[in-house]
Structures are given as structure tokens and as C-alpha cells.
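Given the structure is predicted, the values throughout are model-derived calculations rather than measurements.
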Amino acid sequence: MKLAAAALCGALFAAFLRPLSPVFGILTALACGLVILTAVLDPIGQIFRTLSAFLTAAGISGKIYLPVIKAVGIAVIVHITAQVCRDAGEGALGNKLELAGTIAAIAVCIPLMQQVFALLESMLL
């Protein structure tokens, strides 16, 4: 509820400032977004630590789940940044960023794909 209230206040303040000064409107929205993201950093870390502990207890190698976690992190960061670009009126830049993020996510998953192919090869032989 606190984060929703902060987002609503930030959005209203940015909407008020945008007609007066578009730069301050965008900066206000960015600052509010950073406050919200900072507030959820600890829970995100806790989620990753718990997930890592579960996977380690299950005997799953970090080589398998780390690329997936990296890809999800890239997707989240790219999505948020692309939305900021669109809010600033730079939709084309946001689209290009999403394309670059997709390529980066695929690139970090290459080791996982190699392991899958190696597993398939060992099963077929």
C-alpha cells in the first residue's frame, strides 16, 4: 500500500509539473520510480537467496539456474528502462532497447543451451 501511495503521489506530482516543465516532470517520475525500486531491493535479494538455497538443496547446479536468473534480471531492467524512455517520448529508443535486451538475454542463456544439447547428446548415444 505504501508503494502504491508513493507511485500515485509521484504520478500526480509529475503530471502537475509536466505542463510547466517537461524535464522536471520526467525527473520527478524517474525519482519516484527509483524510490520504489530501492524499496523492493531487500525483498528481491531475499527471494534470490531463498531460491538459491532451494536449488542448492535439490542438488541443482548453479550453471543451470544462473543463466535463467540473469535473463529474468535483464528482462526486468530492460522493461523498466524502455517504459521510462516511452514516458520521455522516446518510443523508438525504448523499442531498440527491448531488442537489445532480448539479444542479451539469449546470449546469457547460451551456456544453458549448451548443457541441454550435451544432455540430449548423451541420452541419444
Side-chain angles (χ1 to χ4, degrees):
M1 290 301 287
K2 290 178 185 179
L3 295 178
L8 185 59
C9 289
L12 290 174
F13 194 56
F16 175 74
L17 284 178
R18 196 164 281 133
L20 302 173
S21 174
V23 173
F24 284 122
I26 292 170
L27 290 176
T28 301
L30 281 173
C32 184
L34 286 175
V35 167
I36 291 169
L37 289 176
T38 303
V40 297
L41 283 179
D42 188 47
I44 289 172
Q46 187 176 14
I47 290 169
F48 282 127
R49 286 189 298 275
T50 304
L51 179 63
S52 179
F54 285 150
L55 293 172
T56 302
I60 298 173
S61 169
K63 291 180 181 179
I64 293 175
Y65 68 86
L66 280 177
V68 175
I69 291 174
K70 287 179 184 179
V72 169
I74 289 169
V76 169
I77 290 169
V78 165
H79 178 73
I80 291 169
T81 309
Q83 288 301 323
V84 169
C85 290
R86 287 187 186 95
D87 289 346
E90 295 296 329
L93 183 60
N95 292 338
K96 288 173 182 62
L97 178 64
E98 286 179 338
L99 175 63
T102 302
I103 293 168
I106 292 170
V108 298
C109 287
I110 288 175
L112 178 59
M113 289 186 276
Q114 289 172 334
Q115 288 183 350
V116 168
F117 288 133
L119 178 64
L120 288 173
E121 184 181 41
S122 70
M123 291 173 64
L124 292 174
L125 295 178

Between Ile36 and Leu8, is there a shared hydrophobic cluster once you connect ILVMFWY residues whose side-chain heavy atoms come closer than 4.5 Å? no

Are Phe13 and Phe24 connected in a single hydrophobic cluster, I mean Ile/Leu/Val/Met/Phe/Trp/Tyr linked by side-chain heavy atoms less than 4.5 Å apart? yes

Please list all pairs passing the salt bridge (charged side-chain N to carboxylate O under 4.0 Å, His left out) test where one or both residues lie in residues 14-28, with sequence neighbours left out. none

Quick one: which residue pairs count as a side chain to side chain donor-acceptor pair (under 3.5 Å) with a foot in residues 25-42, not counting sequence neighbours? none

Under the side-chain contact (heavy atoms from CB on, under 4.5 Å) test, which residues partner Leu120, sequence neighbours left out? Val116, Phe117

Nonpolar side-chain network containing Ile74, other nodes, edges under 4.5 Å: Val78, Leu97, Val108

Applying a strict under-4.5 Å side-chain criterion to I, L, V, M, F, W and Y, I'd like to know whether Leu112 and Leu55 cluster together. yes

According to side-chain contact (heavy atoms from CB on, under 4.5 Å), who are the partners of Ile80, at least two apart in sequence or on a separate chain? Leu37, Val76

side-chain contact (heavy atoms from CB on, under 4.5 Å) filter on Val35, not counting sequence neighbours, yields none

Do Leu93 and Leu27 belong together in a cluster built from hydrophobic side chains that touch within less than 4.5 Å? no

On a heavy-atom basis, which atom in Cys109 and which in Pro67 lie closest, and how many Å separate them? SG-O, 3.9 Å

Members besides Met123 in its Ile/Leu/Val/Met/Phe/Trp/Tyr cluster (side-chain heavy atoms under 4.5 Å): Leu119

How is the hydrophobic cluster of Leu99 composed, in terms of its other members, when Ile, Leu, Val, Met, Phe, Trp and Tyr link through side-chain heavy atoms under 4.5 Å apart, directly or indirectly? Ile103

Heavy atoms of Ala6 and Cys32 approach each other most closely as O-SG, 3.3 Å

side-chain contact (heavy atoms from CB on, under 4.5 Å) against Ile77, all qualifying residues, sequence neighbours excluded: Thr81

Qualifying side chain to side chain donor-acceptor pair (under 3.5 Å) pairs, either residue in residues 110-125, two or more places apart: none

Side-chain heavy atoms nearer than 4.5 Å, only ILVMFWY residues, links allowed to pass through others: does that put Val84 and Val40 together? no

Where at least one partner belongs to residues 97-112, residue pairs that pass side chain to side chain donor-acceptor pair (under 3.5 Å), sequence neighbours excluded: Arg86-Glu98

Listing request: all side chain to side chain donor-acceptor pair (under 3.5 Å) pairs with a residue in residues 44-55, at least two apart in sequence or in separate chains. Ser52-Tyr65

May I ask you to test the Leu51-Ile69 pair for a side-chain heavy-atom distance under 4.5 Å? yes

Quick one: pull up SG in Cys85 and CD1 in Ile26 and give me the separation to the nearest 0.5 Å. 10.0 Å

